[in-house]
Amino acid sequence: MAKASGFFTPSLRTKIQPSIGVSRSGFCLSEGIFKRVVCSSGIESAGTHVSSSQSRIPKLVNKGCKLVGCGSAVPSLSVSNDDLAKIVDTSDEWISVRTGIRNRRVISGKENLRNLAVEAAKKALKMANVEPDDLDLILLCTSTPEDIFGDAPKVQRELGCTKSQLAHDITAACSGFMLGLFSASCYIKGGGFRNVLVIGADVMSRFVDWTDRGTCILFGDAAGAVVLQACDAEEDGLLSFDLHSDGEGARHLGAPINDNENGSVLEFPPNRPSYACIQMNGKEVFRFAVRCVPQSIESALEKAGLTASNIDWLLLHQANQRIIDAVATRLEFPPEKVISNLANYGNTSAASIPLALDEAVRSGKVKPGHTITAAGFGAGLTWGSAVIRWG
């Protein structure tokens with residue numbers, strides 16, 4: 001996520017950040033320059049360089065997984081830049097030039113996060129020809145649940161599942177969907193699961209300060225979903241991952257609890273807290289994204305044994321068109337190979353990647369066998385990339 005203005009670099013304390021990676025041949029956990037841990041393969045001493053090929057190990061289960069269905073849902077209410085200009089000091093030109101956004105969808109009436117998540121999930125299941133009771137797992141990636149304890153089990157119920165399969169939430173803001181993909185691949189490749197539904201959904205409009213033109217212009221509400229299915233190892237469609245977080249950068253982007261708003265936190269019983277609106281240092285988030293996202297994508301490509309020239313599509317979290325353009329330029333992706341629907345929906349957090357993927361698939365742009373490199377980035381700070389094959 002990035003504020004309308006500015007350019008940025010987080011305070012990354014070491015050149016090599018803690019990361020999780022997975023290649024098509026197995027899982028790898030690394031801890032910067034201090035240790036490199038390869039599952040069941042021991043610990044190598046600090047400073048020892050291990051190439052991508054050397055760190056690969058056999059899968060725990062001799063299975064691959066592939067994307068077989070996608071779906072999306074957006075609220076009915078469309079809010080244009082001109083609409084926003086009526087409530088804050090801005091204009092269509094000011095917003096579109098700085099962000100690339102012209103419209104966004106916002107929930108209204110009886111719409112809510114679960115409505116959107118269920119609608120997107122049903123579309124993905126229909127495309128995949130998978131019944132709700134054939135699912136082994138439902139992962140709901142969201143930072144804006146209807147219930148603080150999570151919404152995945154309620155989505156499971158509303159989908160009509162009757163077999164009590166596992167369903168749980170994943171919270172990682174705009175990187176949430178990437179973590180959902182990684183988790184799903186681990187459940188399938190390492191746990192023997194067959195069908196996993198991953199939903200990215202957020203209703204950011206509830207946490208936006210609609211008097212702050214620096215942030216209210218950016219966000220929208222939406223949901224997107226994919227179905228991952230077990231397959232033979234040679235058909236594996238989730239080729240590699242590269243995942244990171246850096247809590248040092250959390251001060252640049254968040255929506256913390258206002259636990260002091262009604263008095264001393266030492267009082268008993270404690271005051272009932274509320275969450276602040278989204279707070280963001282746009283310049284810092286921009287610099288973080290344009291620096292760290294290309295590095296992560298390059299790492300994921302290396303783990304997959306591919307280069308940018310082997311990739312059909314670049315699909316980034318839809319935060320700001322300037323970020324998308326800067327990352328594409330650095331990686332030398334031509335504009336015609338970059339998927340973007342930011343202008344129509346704004347930043348939909350965990351929903352942005354599956355929403356853009358669904359539109360690209362249903363329009364015929366992304367075809368079976370196409371290879372996509374995707375990357376999410378945002379609050380935490382968290383960021384991560386994947387190399388995937390559609391279908």
Side-chain angles (χ1 to χ4, degrees), residues 1-4 8 10 72 74 99-101 104-105 113 116-117 139-145 169-183 198-208 215-226 241-247 249-256 275 277-282 284-294 296-297 314-324 326-327 339-342 345-357 373-386:
M1 295 187 281
K3 201 166 183 176
F8 151 97
S72 61
V74 297
T99 70
I101 300 168
R104 71 281 298 143
R105 299 294 184 97
L113 179 120
L116 296 174
L139 299 173
L140 176 59
C141 309
T142 184
S143 296
T144 57
D169 289 21
I170 293 177
T171 302
C174 302
S175 301
F177 183 74
M178 301 308 300
L179 271 66
L181 280 183
F182 176 73
S183 299
V198 181
I199 307 167
D202 271 305
V203 286
M204 303 302 291
S205 61
R206 289 177 172 168
F207 296 91
V208 166
T215 55
C216 75
I217 64 174
L218 297 173
F219 297 100
D221 305 333
V226 296
F241 289 88
D242 181 74
L243 306 171
H244 301 261
S245 61
D246 180 11
R251 67 187 185 277
H252 299 310
L253 179 57
Y275 285 94
C277 292
I278 296 169
Q279 300 171 1
M280 179 165 47
N281 182 328
E284 291 300 307
V285 174
F286 186 100
R287 291 173 184 168
F288 146 67
V290 300
R291 175 185 175 187
C292 294
V293 173
S296 180
I297 290 173
L314 175 66
L315 173 54
L316 302 179
H317 165 52
Q318 306 289 290
N320 184 308
Q321 193 61 46
R322 287 181 173 181
I323 292 176
I324 295 172
V327 173
I339 297 172
S340 176
N341 64 356
L342 176 70
Y345 303 108
N347 180 345
T348 57
S349 191
S352 76
I353 292 174
L355 172 62
L357 174 64
T373 184
F377 50 91
L381 295 168
T382 57
W383 65 103
S385 304

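- Considering every non-hydrogen atom in both Leu355 and Ala222, the closest pair reads CD2-CB, 3.9 Å.
- Checked by atom type and distance alone, the side chain of Asp221 never pairs as donor or acceptor with a backbone atom of Val74 at under 3.5 Å.
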Take Arg104 and Phe219 through the test side chain to side chain contact (heavy atoms under 4.5 Å, CB included) and record every step on the way to the result. CA-CA 7 Å; Arg104 71 281 298 143; Phe219 297 100; over 6 Å; no
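- For the pair Leu140/Leu113, a side-chain contact is recorded, criterion being any heavy-atom separation below 4.5 Å from C-beta on.
- For the pair Leu357/Ile339, no side-chain contact is recorded, criterion being any heavy-atom separation below 4.5 Å from C-beta on.
- You'll find the side chain of Phe377 stays beyond 4.5 Å of the side chain of Val285, heavy atoms only.
- The side-chain contact (heavy atoms from CB on, under 4.5 Å) search around Ser385 returns Ser296, Ile297, Ala300, Ala375, not counting sequence neighbours.
- Between Leu181 and Val226, the closest side-chain pair of non-hydrogen atoms falls below 4.5 Å.
- For Asp169, the side-chain hydrogen bond (donor to acceptor under 3.5 Å, both in side chains) test picks out no residue, with sequence neighbours left out.
- Counting heavy atoms from C-beta outward, Ser183 and Ile170 have side chains that approach closer than 4.5 Å.
- Between atom CZ of residue Arg105 and atom OG1 of residue Thr348 there is a gap of 12.0 Å, rounded to the nearest 0.5 Å.
- Taking the side-chain contact (heavy atoms from CB on, under 4.5 Å) definition, one finds that Ala223 meets it with Leu116, Ala120, Ala201, sequence neighbours left out.
- Side-chain contact between His317 and Asn347 is present, with heavy atoms from C-beta onward closer than 4.5 Å.
- Taking all atoms of both residues into account, the shortest heavy-atom contact from Ile101 to Gly346 is CD1-CA, 3.8 Å.
- The structure places CZ of Phe177 at 7.0 Å from CD1 of Ile353, a figure rounded to the nearest 0.5 Å.
- By the side-chain contact (heavy atoms from CB on, under 4.5 Å) test, Ser340 pairs with Gln318, Gln321, Ile324, Leu342, sequence neighbours left out.
- The closest donor-acceptor contact from the side chain of Ser245 to the backbone of Leu381 lies at 3.5 Å or more, if one exists at all.
- Rounding to the nearest 0.5 angstrom, the gap separating the OG atom in Ser143 from the CZ atom in Phe207 is 9.0 Å.
- Interatomic distance, CG of Leu139 versus CD1 of Ile199, reported as 8.5 Å (0.5 Å rounding).
- Side chains of Asp246 and His244: no donor on one and acceptor on the other come within 3.5 Å.
- With sequence neighbours excluded, the residues forming a side-chain hydrogen bond (donor to acceptor under 3.5 Å, both in side chains) with Asp202 are Thr142, Thr144, Ser349, listed by chain and number.
- Between Gly224 and Ala351 the shortest heavy-atom distance is N-CB, 4.1 Å.
- Taking every heavy atom of both residues into account, Ala350 and Cys141 meet most closely at CB-O, 3.5 Å.
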